[in-house]
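Taking it in order: structure first as structure tokens, then the write-up.
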Amino acid sequence: SQELEQSPQSLIVQEGKNLTINCTSSKTLYGLYWYKQKYGEGLIFLMMLQKGGEEKSHEKITAKLDEKKQQSSLHITASQPSHAGIYLCGADEGTYKYIFGTGTRLKVLA
Amino acid sequence: NAGVTQTPKFRILKIGQSMTLQCTQDMNHNYMYWYRQDPGMGLKLIYYSVGAGITDKGEVPNGYNVSRSTTEDFPLRLELAAPSQTSVYFCASSLTTKRMGGTQYFGPGTRLTVL
């Protein structure tokens with residue numbers, strides 16, 4: 001079965017710094033979802049990438065999909081304390097089932 | 001907009017007790033899912049449903065049961081609670097499962113502790 005590996009597992013950055021989170025798949029990626037989770041809350045959908053080379057942005061968060069590398073990256077520009085949380089990537093396996101990475105825990109120091 | 005709601009938010013059970021985790025969505029989604037999230041382990045699919053009356057096992061179904069009598073509701077039943085079921089449980093729903101067309105919307109989660 002497909003697996004998604006995220007790196008780094010945790011990240012602490014100073015407010016205003018840029019950062020990148022990676023999500024690598026063990027199989028071909030046909031597309032990918034990014035979610036954000038705050039402690040005690042559910043997952044909030046950020047964006048979906050469907051095609052190789054696709055890049056999407058939402059406010060200061062940009063995500064790209066590299067099909068050849070079977071990888072997606074999430075980049076945050078000028079991080080803020082509101083960006084803190086757990087970021088998860090997810091992908092469907094072609095059936096009704098989704099898989100998720102183990103998450104990257106982000107802390108932003110004010 | 002309610003979206004996906006879950007009750008209760010927190011629960012402590014004794015070993016061997018039973019309980020039902022409730023999940024309701026008001027988006028008229030056909031597809032619903034139950035996940036558990038253990039620390040550092042990501043999300044594991046317990047059960048899913050493709051419509052009222054149709055359910056199927058996910059990756060970790062042992063110790064759980066589900067039913068789907070209506071489009072809106074997808075309760076998860078724990079019959080004999082065990083410490084290994086201590087986790088955070090999330091319910092999700094999606095409109096479709098067409099490849100990459102099925103964005104899942106999640107409830108806020110139920111934090112369950114079995115002692």
Side-chain angles (χ1 to χ4, degrees), chain A residues 1-11 21 23-52 54 56 58 63 65 67 72 85-105, chain B residues 1-10 21 23 25 27 29-51 54-61 68 88-111:
Chain A
S1 62
Q2 188 175 16
E3 291 184 353
L4 296 177
E5 184 174 333
Q6 286 185 238
S7 62
Q9 290 186 337
S10 63
L11 198 53
I21 298 168
C23 176
T24 304
S25 174
S26 60
K27 294 185 179 179
T28 301
L29 267 177
Y30 294 101
L32 194 104
Y33 300 94
W34 281 101
Y35 289 86
K36 180 185 175 184
Q37 181 182 24
K38 287 196 171 183
Y39 180 76
E41 298 179 17
L43 279 68
I44 306 298
F45 171 72
L46 293 176
M47 56 191 86
M48 175 177 72
L49 303 167
Q50 292 183 269
K51 302 175 186 176
E54 185 174 15
K56 285 188 177 178
H58 175 67
L65 180 62
E67 273 187 346
S72 177
I86 301 172
Y87 290 81
L88 291 102
C89 59
D92 72 67
E93 290 194 304
T95 61
Y96 302 119
K97 301 177 184 179
Y98 287 71
I99 59 169
F100 290 87
T102 53
T104 295
R105 190 177 295 268
Chain B
N1 289 335
V4 180
T5 58
Q6 291 182 239
T7 57
K9 287 189 177 181
F10 304 93
L21 282 66
C23 175
Q25 53 92 9
M27 297 174 283
H29 285 173
N30 284 327
Y31 303 92
M32 296 187 74
Y33 312 82
W34 274 106
Y35 295 91
R36 58 178 287 172
Q37 185 181 38
D38 299 325
M41 297 298 290
L43 292 164
K44 300 289 185 183
L45 181 65
I46 305 172
Y47 270 96
Y48 65 97
S49 170
V50 302
I54 307 170
T55 63
D56 205 350
K57 296 177 181 179
E59 189 179 355
V60 288
R68 184 95 181 271
V88 182
Y89 292 84
F90 289 103
C91 179
S93 71
S94 66
L95 181 61
T96 77
T97 62
K98 286 183 185 178
R99 192 176 280 281
M100 296 317 299
T103 299
Q104 294 194 2
Y105 297 89
F106 284 79
T110 294
R111 188 172 296 272

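A, B, ... follow the sequence lines: proteins, then strands. Residue 1 opens every chain. Just so it is clear, the model here is predicted, and its values are computed rather than measured.
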Does any heavy atom of chain B fall under 4.5 Å from the side chain of A/Gln37, the backbone, both, or neither of them? side chain
Part of B/Gln37 lying under 4.5 Å from any heavy atom of chain A: side chain
Hey, would you say the B/Tyr35 and A/Phe100 ring centroids sit under 6.0 Å apart? yes
Main chain of B/Phe106, side chain of A/Tyr35: is a donor-acceptor contact present, judged purely on distance under 3.5 Å? no
So how far is it from A/Leu4 CG to B/Leu43 CG, rounded to the nearest 0.5 Å? 11.0 Å
